[in-house]
Amino acid sequence: MSDLPTFVTHLECGWTGERVAADRLHNLSPQGHPLLVRYDLAGAAKALTKDGLKSRAPELWRYRELLPVRRAANIVNLGEVMTPLIPLAKLAGGAEVLVKDEGRLPTASFKARGLALAVSMAKELGVTKMAMPTNGNAGAALAAYASRAGIETVVFCPDDTPQVNMAEIAAQGARLYKVNGLINDCGKLVGAGKEAAGWFDVSTLKEPYRIEGKKTMGLELAEQLDWQLPDAIFYPTGGGTGLIGMWKAFAELEAMGWIGKKRPKMIAVQASGCAPIVRAFKQGTRRAALWENAHTVAAGIRVPAAIGDFLILDAVRESGGFAIAVDDGAILAARDEVGRAEGLLLCPEGAATWAAYKLALGDGRIAKSDRCVLFNCADGRKYPLPDAGTALDRHGPINYAAL
Ligand SMILES: *Cc1c(COP(=O)(O)O)cnc(C)c1O
């Protein structure tokens with residue numbers, strides 16, 4: 001039944017470790033927590049070598065031995081390219097600060113990684129209808145991949161989601177509902193309706209495969225840096241899929257003997273208007289309470305409650321990292337600064353990581369000698385930008401030297 005070299009053995013509750021069977025549809029574990037996919041990593045290490053990777057296409061599926069899809073025909077592909085590491089050569093002032101620019105992926109955000117896997121697995125397991133709550137980018141990626149796979153999709157977003165996101169979700173074939181609430185309110189609608197409507201719930205971490213897709217950021221980063229992980233990773237954290245996924249990737253690479261014990265400091269970056277993980281980190285708790293009245297321009301990280309909070313906080317603490325909040329003013333200023341100086345238009349969430357880097361450098365939590373990777377998770381052009389340009393009357397006199 002399998003024509004791809006896959007090594008999935010079972011799935012495991014992220015909280016209790018209890019096992020559930022692979023090759024079946026799952027949402028949360030029986031205990032109500034996110035499920036993690038487990039592999040025969042010794043087997044994977046025999047089937048795949050670092051050298052073997054070199055001849056493969058520069059795309060996400062090059063790591064197929066560490067991914068769950070069993071049949072090639074179920075891979076839903078829109079060209080999941082490897083994303084570049086762009087140094088902030090001017091702004092970093094001699095320090096090594098690399099932006100992993102995820103805006104180059106299909107649907108112009110890293111949600112493509114997660115949804116490519118979630119939809120491929122849904123296809124493999126016979127799903128015909130999917131639903132999700134979204135702040136925009138996840139819905140756009142779900143719409144694109146599900147339409148391509150011939151799966152019907154219903155998406156619920158807050159009614160103040162960036163306009164481009166709402167338009168692209170609909171333009172890629174999903175039915176879109178704009179809800180007078182936040183993403184967790186949208187999530188409740190999916191939960192309440194899934195029985196009656198027959199939807200498979202693909203909410204963040206409520207199915208096991210989006211993590212596997214986001215895990216490829218960690219695999220790719222390790223490979224691009226020649227298997228030397230950076231000193232710190234600044235990750236704009238909403239539901240935390242990517243941070244959890246990269247942490248998992250590093251553990252798998254170590255188990256395969258491809259990297260050593262060294263880990264980057266995992267730094268969860270949030271907006272000060274919605275910082276449940278930062279608050280829990282400071283309070284020393286393993287779970288994060290709901291953040292009331294969440295607001296920030298960085299829509300992708302406006303997540304008041306994360307079901308994988310303990311997985312995020314565990315990874316941050318084990319790595320010796322920290323959680324840090326930056327305000328909207330600092331986020332927008334960071335976006336302007338990087339755009340003007342480096343020619344790289346970050347999304348607000350990505351800009352938050354540059355603002356956080358400067359803060360952490362200032363208070364000594366990061367050293368100038370640290371090699372740091374910042375995640376820019378989406379193309380900056382997906383977000384509202386200020387009006388620009390000066391009107392010019394082509395019929396009047398023009399002082400060219402002053403333009
Ligand atoms: C979803 C999203 C995030 C947060 O990602 P998680 O892995 O869910 O924490 C950050 N930035 C952008 C642009 C996003 O779309």
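For the single chain, residues carry numbers from 1 onward in sequence order. Just so you know, ligand 1 is whichever comes first in the structure, and atom 1 is the first atom listed for that ligand.
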Novice: For Leu35, does its backbone N or O pair with a side-chain atom of Glu12 as donor and acceptor, under 3.5 Å?
Specialist: no
Novice: Between Lys265 and Phe322, is NZ or CZ placed under 6.0 angstrom from the six-membered ring centre and within 45° of the ring axis?
Specialist: no
Novice: Yes or no on salt bridge (Lys or Arg N to Asp or Glu O under 4.0 Å) for Lys261 and Glu254, after CA distance, side-chain angles and deciding distance?
Specialist: CA-CA 7 Å; Lys261 287 210 173 320; Glu254 187 183 350; 3.1 Å; yes
Novice: ring-ring contact (aromatic ring centres under 6.0 Å, His included) with Trp258: which of Phe250, Tyr63, Trp227?
Specialist: Trp227
Novice: Parallel, tilted or perpendicular: which describes the rings of Phe234 and Tyr357, with under 30° parallel and over 60° perpendicular?
Specialist: perpendicular
Novice: Name the residues with a heavy atom less than 4.0 Å from ligand 1?
Specialist: Phe110, Lys111, Asn137, Lys214, Tyr235, Pro236, Thr237, Gly238, Gly239, Gly240, Thr241, Gly242, Gly300, Ile301, Glu349, Cys377, Ala378, Tyr383
Novice: Taking all atoms of both residues into account, what is the closest heavy-atom pair of Thr107 and Ala140, and its distance?
Specialist: CG2-O, 3.9 Å
